Number of protein chains: 2
Amino acid sequence: MTPVLLALDWGTSSLRGYAMASDGSVISQRAQALGIMYVADGDFPGALRQFCGDWLDDAPAAALIASGMIGSKQGWREAPYCPCPANAASIAASIIAVNSTGGRTLRIVPGVSQVDIASDVPDVMRGEETQIIGAVPDAGTHLVVLPGTHSKWARVNNGVIEHFSSWMTGEVYAALTGHTILGRLIRADAPHDDEAFARGVRYGFDEPAQLLSRIFSARTLGLFERLEPAALASYLSGMLIGAEIGGATGMSGEPAGVLLLGSKPLTDRYRSACSVVGLTASIGSESSAAHGLYRLARAAHLLD
Amino acid sequence: MTPVLLALDWGTSSLRGYAMASDGSVISQRAQALGIMYVADGDFPGALRQFCGDWLDDAPAAALIASGMIGSKQGWREAPYCPCPANAASIAASIIAVNSTGGRTLRIVPGVSQVDIASDVPDVMRGEETQIIGAVPDAGTHLVVLPGTHSKWARVNNGVIEHFSSWMTGEVYAALTGHTILGRLIRADAPHDDEAFARGVRYGFDEPAQLLSRIFSARTLGLFERLEPAALASYLSGMLIGAEIGGATGMSGEPAGVLLLGSKPLTDRYRSACSVVGLTASIGSESSAAHGLYRLARAAHLLD
């Protein structure tokens, strides 16, 4: 079957590609460590050809679309943010086009931005909006969580991304273990410890307002030999994720449940944390980016 | 006047000494970068002689007392923690003695520990207890704040340290600016910006439970050019201090005010933050450690 859409989830570190049929099914897929940070001299057309030149040659009529950091200032070309509230139609209307080699045109999906009125503080995401569009049904209210270096929590109502927030959980964990006194006792390469993780989740979730204090327990519990050094990494990871869940759900009222999107190890870890605090969590498809790109391509009439 | 007490505030990085009269007044004082991390081969007797050999010789009958990390496992000898609730009498009763050169005995003040019953989490301080004993009157309830790498908040009631907590504010600030994406836009050496600091204090204090999310604004406000790069360091510092104050006062109910102990730049910065959020703050004497050592020496009958 000849694909009608070549869809790219093109992030900072990795590039994932999907050759898709007109009904949105994935015919073929591949991934490579060819994120924008690995593209030399800004040669994005060359990187695209290297990644999927065969796809391009075999499907000369297929449309091309990409989401993620490829549309940032550091990417191929900047696709200005689409403001919140945003849905598939408004995001699709903000798609930009760039010329690639062989007379092909690549469409780039914009990120989504918002400015909180009370605090006048902006927030942004780029790539996650496409996963959300791909994973969330058009009806109902959904709280979507995309865990990671900078986790995103998004409230989606009838297909509209109404509000979202970024949480620096993953990066703060790395900074604490790598560059504070907490790292001295922690064995970052220790295997995951379920019990210590759950204890950390509860302690972080219980009072997220005291996080700057509670993280110190990842030292004192080790010093007083109440937690094994091998358990401290799981404990601290749990505490930060617990504080994220506590803070974010406190912001959103009492959600009925959350939808987790992302890689399996991370969504598994977050589902386990949600379970500890009694929050229902389901895990969405790992190919929500492909579905989102397909939906946006449709909304932008690239497949007509 | 010949001193009756040679009192040492002997921390990780610095060593401060006070030659004191029998009424507790300071006859002479000095300081040197001779904290325990700078003492080679564990030669603490040698370091003591180097620091104040003249004082030792001139006052052969004076008692010697020290507080701080000198009593930790990494110090001269470990002085086991005195458990909370603790007052001058119970801390003095836990003082240990080590033999120094010239037949002199050095008394070392223990740190103070507590174990939170609900969470079974321990906390510790070493050195701060002496500053608290030196600064807080024997009557009334006081909330004492010792800002720093690991700030301490202690509730003192009629001279008894009833409860305290550690806050990793200073170290988290250093890790965030030095080792996360926030550091890319921040100019850490920029002069203090009062307005940005106050904005950060309010934003951190307002919802400390959302700290993992709100710190991201130190990036987005820069990216969207709503804060100058030169203002971002003050903004982030304010946010962390604001979250500390919000989290710690939330823990303590609604305190009437706080007593700040520490170096002038830091206590000034915290007083400014307290003022932003409407919390009354007074600044204690910078020589509270000397007063505390004197009080503990009296309570231990070293001056009888």
Side-chain angles (χ1 to χ4, degrees), chain A residues 73 81 113-116 118-124 149-153 165-169 171-183 199 202-204 206-221 223-224 226-227 240-241 243-244 246-251, chain B residues 73 81 113-116 118-124 149-153 165-169 171-183 199 202-204 206-221 223-224 226-227 240-241 243-244 246-251:
Chain A
K73 268 184 193 146
Y81 292 106
S113 65
Q114 80 181 356
V115 177
D116 184 74
S119 61
D120 201 33
V121 165
D123 205 341
V124 291
T149 310
H150 300 160
S151 297
K152 306 290 181 186
W153 287 65
S165 57
S166 302
W167 298 76
M168 290 186 65
T169 311
E171 196 171 12
V172 167
Y173 174 78
L176 291 178
T177 53
H179 303 283
T180 74
I181 199 171
L182 301 183
R199 180 174 179 182
R202 277 189 296 270
Y203 200 49
D206 188 36
E207 284 289 356
Q210 293 170 14
L211 185 65
L212 281 174
S213 177
R214 297 200 161 196
I215 49 176
F216 194 57
S217 66
R219 177 163 177 79
T220 54
L221 285 169
L223 278 182
F224 282 68
R226 285 164 183 246
L227 265 184
L240 292 173
I241 294 173
E244 176 189 331
T249 55
M251 188 190 267
Chain B
K73 269 185 194 145
Y81 292 106
S113 65
Q114 82 181 356
V115 178
D116 184 74
S119 62
D120 200 35
V121 165
D123 206 342
V124 291
T149 309
H150 300 162
S151 297
K152 307 289 181 188
W153 286 66
S165 57
S166 301
W167 298 76
M168 289 186 66
T169 312
E171 196 172 12
V172 167
Y173 174 77
L176 290 179
T177 53
H179 303 284
T180 74
I181 198 171
L182 301 184
R199 181 175 177 180
R202 276 190 296 269
Y203 199 49
D206 186 35
E207 283 289 355
Q210 293 170 13
L211 185 64
L212 281 175
S213 176
R214 296 200 163 196
I215 49 175
F216 194 55
S217 66
R219 176 162 176 80
T220 54
L221 285 169
L223 278 181
F224 282 68
R226 285 162 183 248
L227 265 184
L240 292 173
I241 294 172
E244 177 188 332
T249 55
M251 188 190 267

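Only this structure's heavy atoms are used, side chains among them; waters, hydrogens and symmetry mates stay out. Bear in mind that the values here come from a model prediction, so they are computed numbers and not experimental data. A, B, ... follow the sequence lines: proteins, then strands. Residue 1 opens every chain.
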Looking at B:S166, is its backbone amide N or carbonyl O close enough to the side chain of A:S213 to form a donor-acceptor pair, meaning the two atoms are under 3.5 Å apart? yes

Measuring heavy-atom distances to chain A, does B:Y81 have an atom under 4.5 Å in its side chain, in its backbone, in both, or in neither? side chain

For B:L221 against A:P122, the heavy-atom pair lying closest together: CD2-CD, 3.5 Å

In Å and rounded to the nearest 0.5 Å, what is the OG1 to CD distance from B:T220 to A:Q114? 10.0 Å

Could you pull out the closest heavy-atom pair between B:F224 and A:S113, with the gap in Å? CZ-CB, 4.5 Å

Output the distance between atom CG (B:L212) and atom NE2 (A:H150), rounded to the nearest 0.5 Å. 11.0 Å

What option among A:G247, A:P208, A:A174, A:S151 has the most heavy-atom pairs under 4.5 Å with chain B? A:P208

Close side-chain approach of A:V172 and B:I215, heavy atoms under 4.5 Å: yes

Most contact-rich option vs chain A, by heavy-atom pairs under 4.5 angstrom, among B:D206, B:D123, B:T149, B:L223, is B:D123

A:R226 versus B:V115: any side-chain heavy-atom pair under 4.5 Å? yes

Quick one, B:D120 and A:R199 - any side-chain contact, counting heavy atoms below 4.5 Å? yes

Considering only heavy atoms and a distance below 4.5 Å, find which of A:R219, A:H179, A:R202 pairs most often with chain B. A:H179

Using only atom types and a distance under 3.5 Å, with no angle test, would you say the side chain of B:T180 pairs donor to acceptor with the backbone of A:E171? no

Any side-chain heavy-atom pair from A:M168 and B:I181 closer than 4.5 angstrom? yes

Top contributor to chain B interface from A:F216, A:W153, A:Y203 [non-hydrogen pairs under 4.5 Å]: A:F216

